[in-house]
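Worksheet for the structure shown next.
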Amino acid sequence: MNSKCHRVELNDGHFIPVLGFGTAIPSEVSKSKATEATRIAIDAGFRHIDSAHMYQNEEEVGLAIRSKIEDGTVKREDIFYTSKLWCTFHRPELVKSCLEQSLKKLQLDYVDLYLINFPMALKAMEKCKDAGLAKSIGVSNFNRRQLEMILNKPGLKYKPVCNQVECHPYLNQNKLLDFCKSKDIVLVAYSALGTHRDKHWVDQSTPVLLDDPVLASMAKKYKQTPALIALRYQIQRGVVVLAKSLNEARIKENMQVFEFQLCPEDMKVLDGLNRNLRYVAGVVFSGHPNFPFSDEY
Ligand code: NAP
């Protein structure tokens, strides 16, 4: 089944596929892997690709997308491509140039969604949407207070369509999700499978999400895998979910998320796994005045 059929409408009228392919790969892995994995993902049915200036592989990801357009597998309009502005480009006059650099690397005319991490660059982001370089604009790693700050901004032209945040059964973001839903903002879950546990970013003493015994027993019950249970959980609660994999079998496996359904009781059990565990705690940024993870949500 194709993820193109499984889309939700954003508050600006565009549609986002509920399952996305994550392309952040560890620096020690060859960049060509991003091309290979993205091609496999498109062949497997992924239509939403999540990348960023910071991942330093937009050239490789763009190559995969264009090759799949050229061989007739997809059209440009079938693909929902997200890029993100990196923190060093927040000055309004730099925003458009960061997006233009991404587009040049991708060799695409527009991105479907452009995300920012901090409020300062909002006006310049709106201009990117007006210029047609980004179909939709959204935010990432915003807490409730920061979202409210944006929503209450005088003269706000476009409200963000989404907030992309870490979200999985150990950090289910229930309160933030309720708030986003109340404002018609889609919550996009990253690290939904518990991250790649890069030692530079993730405390190695934290429990491994996919080893969780409840996920394991549910996987057995539904004849699925713990990863699929974790992905399905998000889709059923109205969250758009990203899954990163460089492995062909696992990329294909993740598309199976549309082939089964969790019962309401099991959804509650999964809700009960929450322990507010943030794998990507971003402690290196913790001194910044806009550091988002000090608030409760
Ligand atoms: P993730 O999706 O949580 O995946 C974690 C690991 O799970 C992967 O390294 C993958 O390893 C493994 N995996 C994938 N499918 C599996 C399966 N079916 N069974 C078992 N293991 C499986 O990884 P993430 O990179 O932390 O997050 C996903 C994406 O979210 C990123 O690539 C990026 O696009 C985005 N992101 C955004 C932000 C932000 O600040 N906005 C932050 C982090 C991530 P293999 O490759 O070996 O399969």
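Only a predicted model underlies this, so the values are computations on that prediction, with no experimental measurement involved. Atoms within each ligand, like the ligands themselves, are counted from 1 in listed order. Along the sequence shown, residues are numbered consecutively beginning with 1.
- Residue contacts with ligand 1 for E166 are absent, since no atom lies close enough (heavy atoms, distance under 4.0 Å).
- Looking at K135, K129, K159 one by one, the single match for side chain to side chain donor-acceptor pair (under 3.5 Å) with D12 turns out to be K129.
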task = Given salt bridge (charged side-chain N to carboxylate O under 4.0 Å, His left out), test R47 with D78 step by step and report yes or no.
result = CA-CA 7 Å; R47 294 293 178 264; D78 298 330; 5.4 Å; no
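- Salt bridge annotation for K68-D43: present, with a cationic side-chain nitrogen under 4.0 angstrom from a carboxylate oxygen.
- Remark: distances from the non-hydrogen atoms of H168 to ligand 1 are all 4.0 Å or more.
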query = Taking it one step at a time, do H196 and D198 satisfy side chain to side chain donor-acceptor pair (under 3.5 Å)?
reply = CA-CA 6 Å; H196 45 69; D198 183 327; 4.5 Å; no
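- Atom numbering of ligand 1 starts at 1 in the shown order; those under 4.0 Å from a heavy atom of A192 are 3 (O).
- The proximity of A227 to ligand 1, defined as any non-hydrogen pair under 4.0 Å, is limited to the side chain.
- Summary of contacts: the protein heavy atom closest to atom 15 (N) of ligand 1 is N254 ND2, 3.1 Å.
- In this structure, the separation between CG on L193 and NZ on K244 is 9.5 Å, given to the nearest 0.5 Å.
- Under a 3.5 Å cut-off, the side chain of S136 and the backbone N or O of V161 do not form any donor-acceptor pair.
- Contact annotation for L210 and ligand 1: only side-chain heavy atoms (C-beta onward) come within less than 4.0 Å of the ligand.
- Residue nearest to atom 1 (P) of ligand 1, selected from V257, L231, L193: L193 (by heavy-atom distance).
- Taking distance alone, with nitrogen or oxygen atoms compared against 3.5 Å, N141 approaches ligand 1 more closely than that limit.
- No donor-acceptor pair under 3.5 Å is formed between the side chain of R144 and the backbone N or O of D295.
- No donor-acceptor pair closer than 3.5 Å links the side chain of E58 to the backbone N or O of L103.
- Looking from atom 46 (O) of ligand 1 to the surrounding protein, the closest heavy atom is L246 N, 2.8 Å.
- Shown in contact with H196 at under 4.0 Å from a heavy atom are these atoms of ligand 1, numbered in order with element: 5 (C), 9 (O), 25 (O).
- From the protein, the heavy atom lying nearest to atom 6 (C) of ligand 1 is T195 O, 3.7 Å.
- Among all protein heavy atoms, the one lying closest to atom 47 (O) of ligand 1 is R250 NH2, 2.8 Å.
- The shortest N or O to N or O distance between A243 and ligand 1 is not below 3.5 Å.
- Minimum heavy-atom separation, Y81 to S51: OH-CB, 3.1 Å.
- Under the 30°/60° scheme for interplanar angles, the aromatic rings of H6 and F258 are found to lie parallel.
- Atoms of ligand 1 found under 4.0 Å from any heavy atom of G22 (numbered from 1 in listed order, with element): 29 (C), 31 (C), 32 (O), 34 (O).
- Scanning the protein for heavy atoms near atom 34 (O) of ligand 1, the closest one is D50 OD2, 2.6 Å.
- At the top of the distance list for atom 28 (C) of ligand 1, counting protein heavy atoms only, stands K244 CB, 3.7 Å.
- One finds the CD1 atom of I229 at 12.5 Å from the CD atom of Q234 (value rounded to the nearest 0.5 Å).
- Look at V280 and you'll find every heavy atom at least 4.0 Å from all atoms of ligand 1.
- Scanning the protein for heavy atoms near atom 42 (C) of ligand 1, the closest one is Y190 CE1, 3.1 Å.
- Checked against a 3.5 angstrom limit, the closest N/O atoms of S191 and ligand 1 fall inside it.
- In the model, E60 has no side-chain atom that pairs as donor or acceptor with a side-chain atom of Y55 under 3.5 Å.
- Relative to the six-membered ring of Y110, R76 meets both conditions, a distance below 6.0 Å and an angle of at most 45° to the axis.
- Of the protein's non-hydrogen atoms, A24 CB, 3.7 Å is the one closest to atom 31 (C) of ligand 1.
- Within the listing of ligand 1, atoms 33 (C), 34 (O), 35 (C), 36 (N), 37 (C), 38 (C) sit less than 4.0 angstrom from a heavy atom of Y55.
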